[in-house]
Amino acid sequence: MNRLAHETSPYLLQHAGNPVDWYAWGDQAFARARTEDKPLLVSIGYSACHWCHVMERESFEDEATARLMNEHFVCVKVDREERPDVDAVYMDAVVALSGQGGWPMTVFTTPDGEPFFGGTYYPPEPRHGMPAFRQVLGAVAEAYRDRRDDVARQAQVLVDALRQGAAKEPSAQPLTAELLDGAIDVLRSQFDPQWGGFGYAPKFPPASAIEFLLRRGEFEPALGTLDGMAAGGMYDLVGGGFHRYSVDRQWLIPHFEKMLYDNALLVPAYLHAWVLTGTDGYRRVVEATVEYVLRELALDGGGFASAQDADTDGVEGLTFTWTADELAAVIGPGRDALLQPFEDGRSVLRGRLTDEEREVLFAARDLRPKPFRDDKAIASWNGLMLAALAEAGRRLERDDWLDAARSLAEFLLGPLSVSGRLHRTWRDGVARGTGYLEDYANVAHGLYELHVATGELRWLEESRRLALLAVELFADDERGGFFLTPSDGEQLVARQKDLDDNPTPSGNSMLAFVLLRLARIWGDDELERRAVGVLRLVRDVVSRAPSAFGWALCTLDLHLSPPRELAIVGGAGSDIARAALRGFDPNAVVAFGPADGVPLLEGKTLVDGKPAVYACERFACRAPVTDPAAL
């Protein structure tokens, strides 16, 4: 066993038995690199990554390869989910070097952590134009030994580029509705009318772009994509929930890992489609996906695990695929049309299953070995799931889901917090790492949605507390927006800003979204100014690359909408509250009272002892309404 045996990350623990002399990211590795004058080999991945497992089997478990690594490098293994800051810096470096990124990622750095070479997956033998990993190791070691000046120059070029990226100046041009219209035009032009989604293979679920399209009433691309994804394949018809992405255009053959964040983001997208159309199929997807998360990813203590692996017993998709004989043995002959070929005689299921078929197929599948579960809880992904559980529980009147949401909120504010600040991860009773921007933004978002769902003031107050703390810890007072890492966090070679909304909303977009909602409840112009600062950073790219900035577009839509505030007094369970919140009004902000200290709620009381809704615009409120029919 190597040093990784002492870590808590399941991904690092997976490599604890490698013959590679791995270090976890930290001072010990850098100190040895400086003492021995060796470059660092930084290998970055995550536990549910199929190709990470492939590279481990091919290279990191190979004794000859490990000897080369140990002889010439100080080898560092990083879980990208634990350390998104390290991942962001070196991903930008690899993209600058090669034009593309991904995982597993291998980066070579100086003893000070400055990157000078890197790439993604390297095979054990040369193929498809890629050099063998051992060839790469030899060439990099030779360059560091014999061409140190070249290495230093390359490192300086990359570090300068990384620092310039974080120093992006905000746009001085106005933020207008034409930006939203331009984004819609681009999304329409990229829409695949046959299968849904945008562009061709591979296809990742564009949850944020769908939310933007639904907000703008663009039903064809939004619903077409939701329908395409739910047809089966990437969507698990038997057990519910979505796999990470489709390798093809049809959403048919997935990479089989299931990530908490995908399912947390797709639940609201399908929920909003159901609210807007009344189509029961969207509601069924919501129900099956939430039930999947509660069944497979729930942890003791209220949180949720990060992911399920793509592989079972070293075979990709083994748990989720079927042979013709297996299918017939469970539901009888004559249903071969459900089978869509995958690999090694196994198939994925696509088509319509009856409730009885789904039940017996799940019972049979549940007896199979299950894929490895990464059981660390990540604050930001749990924040997204909190928002999904809260809104789905409210709209579908599932008190059990609301109870799960409350438990999750207690977990985030309890075991995943210390002295009021968020940790990044929690596993086996141990919380680790500083919280990053996305952790604060997503948890604040989830707490706000829990307030709307329950009417309980505590969650609104905690949402605002975390949002204000995020401003204090992450704000760039010079150029606007927010850094990924806190001001008192570890200083890497560059302090990054995360602006891209793929695959999850960026911390910048989500915090801006939260700040705008809170600004309208508290009448706080400073919070709105901070949110607008984010929008100015992405102003010139949102309409050109809308699929990469879907949540920023939702935030811009909120910013440009006429302020609409709903002050509701008398509890979330009242008939008037249910009526006020029944429809899809994404640009309205909501606060429940009565409460002192919340400006929107000041002076709002029951009317003749009855619950009431006060509809306001910039704190100018109409007469309170107590009759649901009047709404």
Expected output: side-chain Thr277 to main-chain Ala273 donor-acceptor under 3.5 Å = yes
Take Arg520 and Glu565 through the salt bridge (charged side-chain N to carboxylate O under 4.0 Å, His left out) test and state the conclusion after the steps.
-> CA-CA 7 Å; Arg520 293 184 180 181; Glu565 305 104 26; 5.7 Å; no
Looking just at side-chain N and O atoms, do Trp103 and Asp87 make a donor-acceptor pair shorter than 3.5 Å?
-> yes
So, Asp262 and His243: side-chain donor and acceptor under 3.5 Å apart, yes or no?
-> no
How about Phe474 and Phe482: are their ring centres within less than 6.0 Å of each other?
-> no
Using distance alone, with no hydrogens and no angle criterion, decide if Asp374 and Tyr46 have a side-chain donor and acceptor under 3.5 Å apart.
-> no
Taking Arg530 as the fixed residue, which of Asp476, Asp525, Asp524, Asp477 is the one that meets the salt bridge (Lys or Arg N to Asp or Glu O under 4.0 Å) rule?
-> Asp477
What residue among Tyr270, Trp251, Tyr292 forms ring-ring contact (aromatic ring centres under 6.0 Å, His included) with Phe242?
-> Tyr270
May I have the step-by-step check of salt bridge (charged side-chain N to carboxylate O under 4.0 Å, His left out) for Asp248 and Lys203, ending in yes or no?
-> CA-CA 7 Å; Asp248 53 53; Lys203 283 183 175 175; over 6 Å; no
Are Gln164 and Asp160 linked by a side-chain donor-acceptor pair shorter than 3.5 Å?
-> no
With side chains defined as the heavy atoms from C-beta onward, is the minimum distance between Val76 and Leu41 less than 4.5 Å?
-> no
Applying salt bridge (Lys or Arg N to Asp or Glu O under 4.0 Å) between Arg424 and each of Glu438, Glu81, Glu490, report the one that passes.
-> Glu438
Kindly determine whether Phe108 and Tyr90 satisfy ring pair (Phe, Tyr, Trp, His ring centres under 6.0 Å), including the steps that lead there.
-> CA-CA 9 Å; Phe108 299 92; Tyr90 294 130; over 10 Å; no
Residue pair Met385 / Leu260, side-chain heavy-atom distance below 4.5 Å | yes
With distance as the sole criterion, is a donor-acceptor pair present between the side chains of Asn587 and Asp557 under 3.5 Å?
-> yes
Where do Tyr282 and His272 land on the ring pair (Phe, Tyr, Trp, His ring centres under 6.0 Å) test, with the steps shown first?
-> CA-CA 9 Å; Tyr282 298 136; His272 297 154; over 10 Å; no
Should Phe513 and Trp551 be marked as a ring pair (Phe, Tyr, Trp, His ring centres under 6.0 Å) after you check the CA-CA gap, both sets of side-chain angles, and the distance that decides it?
-> CA-CA 8 Å; Phe513 187 77; Trp551 204 260; 5.2 Å; yes
Does a donor on one side chain and an acceptor on the other come within less than 3.5 Å for Glu316 and His255?
-> yes
Between the side chains of Gln173 and Ser171, is a donor N or O closer than 3.5 angstrom to an acceptor N or O?
-> no
If you measure only the distance, is there a donor-acceptor pair under 3.5 Å linking the side chains of Asp501 and Ser509?
-> yes
In sequence, state the C-alpha distance, the side-chain angles, and the governing distance for Arg163 and Asp92, and then conclude on salt bridge (charged side-chain N to carboxylate O under 4.0 Å, His left out).
-> CA-CA 11 Å; Arg163 291 171 178 167; Asp92 284 354; over 6 Å; no
